[in-house]
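Everything on this sheet refers to the single structure shown next.
Every value quoted in this text rests on a predicted model; they were computed, and no experiment measured them. Naming: A, B, ... by sequence-line order, numbering from 1 per chain.
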2 protein chains.
Amino acid sequence: MKDSPEDLIVNAILDAIAEQRLPAGTKLGEQALSDLFACNRANVRRALASLAAQQVVELRPNRGAFVMTPSPKEARDIFQARRAIESTIARHAAGQASAGDITFLRDNIIEEAQAHKAGDKPAELRASRQFHMRIAQIAGNLVLERFLSELTMRSTLILGLYSRTGSSSCAEDEHDRIVDALQNGSVDELVRLVDEHLRHLEKGLNFEEPPAAPMSLKEQLMVPRSASSQG
Amino acid sequence: MKDSPEDLIVNAILDAIAEQRLPAGTKLGEQALSDLFACNRANVRRALASLAAQQVVELRPNRGAFVMTPSPKEARDIFQARRAIESTIARHAAGQASAGDITFLRDNIIEEAQAHKAGDKPAELRASRQFHMRIAQIAGNLVLERFLSELTMRSTLILGLYSRTGSSSCAEDEHDRIVDALQNGSVDELVRLVDEHLRHLEKGLNFEEPPAAPMSLKEQLMVPRSASSQG
DNA sequence: TTATCACGGATTGTTAACAAAATATGGCAA
DNA sequence: TTGCCATATTTTGTTAACAATCCGTGATAA
């Protein structure tokens, strides 16, 4: 069960993105990563290639690797894909949930609400993502589960770029009703709720104002004068 | 527009798999690949990491890379996922096809039929795959298009492992009717036809007899005694 | 004959050094 | 001060050599 150094890097980066500790556009330098994980650059390189294949990282030749910055069009595609995949997942998960699954989901909703109240954004995002992924596990289709894993990851990046202030709180009650339907085994109701939930999430996005992309630690501090608020 | 050596390797392997020139289980030696593509092993390694992230290649530590051998369960998951994704694609493609799209698809059907008659399996598979991928392009969702690309690739591997003899010929007429519905813009009809088409494809699989996996050139010739037909 | 074990060749995994490219720095002229 | 250019440093890309592991072969013993 020992993970290869490459998997370690991949998972660490995915976790960081899932909790919005790594915002879109962040540069992922090879040296920095190989120092952090105490391994050689070859492993870092393979890890970045894997992440690039999952569209979570952008590989610019001779420039390096950057956390992907989804465009509005990509955001639209991703949520459309999520509706397609999560609807199917819901259809197959309905009535399949064990008692343990239901307990997990109920607890998860509480956890997310508490994190939200406490202003702990990483914990809130992690919980929300776990909610969707757990239902995918219940459905039992590993392919759809993997696709959704990728899409929720990219959704987190989108949220970080385009979400309106405080728009994620409306989802709490929806998660509750989804578990109700999941437990009752009312398929059509469940599918409807999931689809609606995702539409609400997408509606909470705002593509008007620019992405406001922070690039790296250094660039966050050393902003070119014109973009600074100071005269 | 110049491709990096890594992309070159990835695409070459994907093409080979799509045309069933590389059967499931084939070993992809690093030396062999770096010789073939006249590049260093580092690039080969990154290419294999990308392919592994797409589940097209299996990376066994200290053993090497092998073309993925999908299990029956995986086959089921993959076709289930295809129905979910291609239904959605169909819904968004209906009525969106240009004249050029229709021409391409009609020609493609003829091409596939001719290849089938001529017994040219690679050409037939390539055409069939192009048919599905073109419709995905018409739908205009890059995420779903990429997912489908991966799924069709893996479907080809499944076909190579589990397909009954001559079960792929029934699909010709179905493709025709799909283009009809696509052209007419009759959404529900199109979705129904696509779903049915995929169910027929899946029904043509036979999981009873073992995969009969050829592993490498050498192993195809040097079969252990018990598996040989000669006494 | 059959099973086990040791050895040699081949393949994968790791590391370090080098080359090429891009970014950052500082100086110069307008 | 502002814009431009040459240079220095950093970072990515490439290559080769070395270490570790696995596979096939053949010898040995029951």
Side-chain angles (χ1 to χ4, degrees), chain A residues 1-10 13 22 25-53 57-68 213-228 230-231, chain B residues 2-10 13 22 25-53 57-68 213-228 231:
Chain A
M1 277 299 251
K2 211 188 62 176
D3 272 342
S4 69
E6 183 202 320
D7 288 337
L8 230 62
I9 302 174
V10 169
I13 292 180
L22 273 179
T26 307
K27 164 141 197 183
L28 301 171
E30 297 183 1
Q31 191 84 274
L33 289 174
S34 59
D35 287 352
L36 259 172
F37 292 94
C39 68
N40 47 36
R41 281 197 311 145
N43 281 322
V44 172
R45 242 135 189 291
R46 292 216 309 171
L48 292 175
S50 287
L51 291 167
V57 152
E58 193 185 351
L59 241 45
R60 274 179 266 182
N62 289 324
R63 296 279 163 78
F66 300 81
V67 177
M68 181 77 81
M215 279 284 159
S216 70
L217 278 173
K218 194 182 292 182
E219 288 181 5
Q220 275 184 304
L221 304 176
M222 306 188 35
V223 190
R225 193 82 72 72
S226 58
S228 168
Q230 313 217 358
Chain B
K2 209 188 65 178
D3 273 342
S4 69
E6 183 202 319
D7 289 337
L8 230 64
I9 301 173
V10 169
I13 292 179
L22 274 180
T26 307
K27 164 142 193 182
L28 301 171
E30 297 185 359
Q31 191 84 276
L33 289 174
S34 58
D35 287 351
L36 258 171
F37 292 95
C39 66
N40 46 36
R41 279 192 350 185
N43 281 320
V44 171
R45 241 136 189 289
R46 293 216 309 169
L48 292 175
S50 287
L51 291 166
V57 152
E58 195 185 351
L59 239 46
R60 274 180 265 182
N62 290 323
R63 298 281 163 75
F66 301 82
V67 177
M68 181 77 83
M215 279 284 161
S216 68
L217 278 173
K218 193 182 292 182
E219 289 180 6
Q220 276 183 303
L221 304 176
M222 305 186 38
V223 190
R225 189 87 69 74
S226 58
S228 169

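- A straight line from CD of Glu6(A) to P of dG13(C) spans 10 Å, rounded to a whole angstrom.
- Ser50(A) and Ala53(B) make their closest contact through O-CB, 3.9 Å (heavy atoms, listed as atom of the first residue, atom of the second, distance).
- Distance, Gln31(A) CD to dA22(C) C1': 16 Å, rounded to whole Å.
- No donor-acceptor pair closer than 3.5 Å links the side chain of Lys27(A) to the backbone N or O of Val67(A).
- With a 4.5 Å cut-off on side-chain heavy atoms, Leu48(A) and Ile9(A) do not count as touching.
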Can you pull every protein N or O that's under 3.5 Å from an N or O on nucleotides 7-9 of chain C?
none

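- Proximity of Lys27(A) to the phosphate of dT10(D): no side-chain N or O atom is located under 4.0 Å from OP1 or OP2.
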* Asked: What string of B, S and - do you get for nucleotides 13-20 of chain D, 5' to 3', when a contact is any protein heavy atom under 4.0 Å?
  -> BBB-----
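- Following rounding to the nearest Å, Leu48(B) (CG) and dT12(C) (C1') show an atom-to-atom distance of 11 Å.
- Closest non-hydrogen pair, Ala49(A) versus Arg46(B), comes out as CB-O, 4.1 Å.
- For the pair Cys39(B)/Val44(B), a side-chain contact is recorded, criterion being any heavy-atom separation below 4.5 Å from C-beta on.
- Within the 4.5 Å cutoff, the side chain of Leu51(B) has no heavy atoms near those of the Leu59(B) side chain.
- For the pair Asn43(A)/Leu8(A), no side-chain contact is recorded, criterion being any heavy-atom separation below 4.5 Å from C-beta on.
- Using modelled atom types, one side-chain atom of Ser34(B) and one backbone atom of Glu30(B) make a donor-acceptor pair closer than 3.5 Å.
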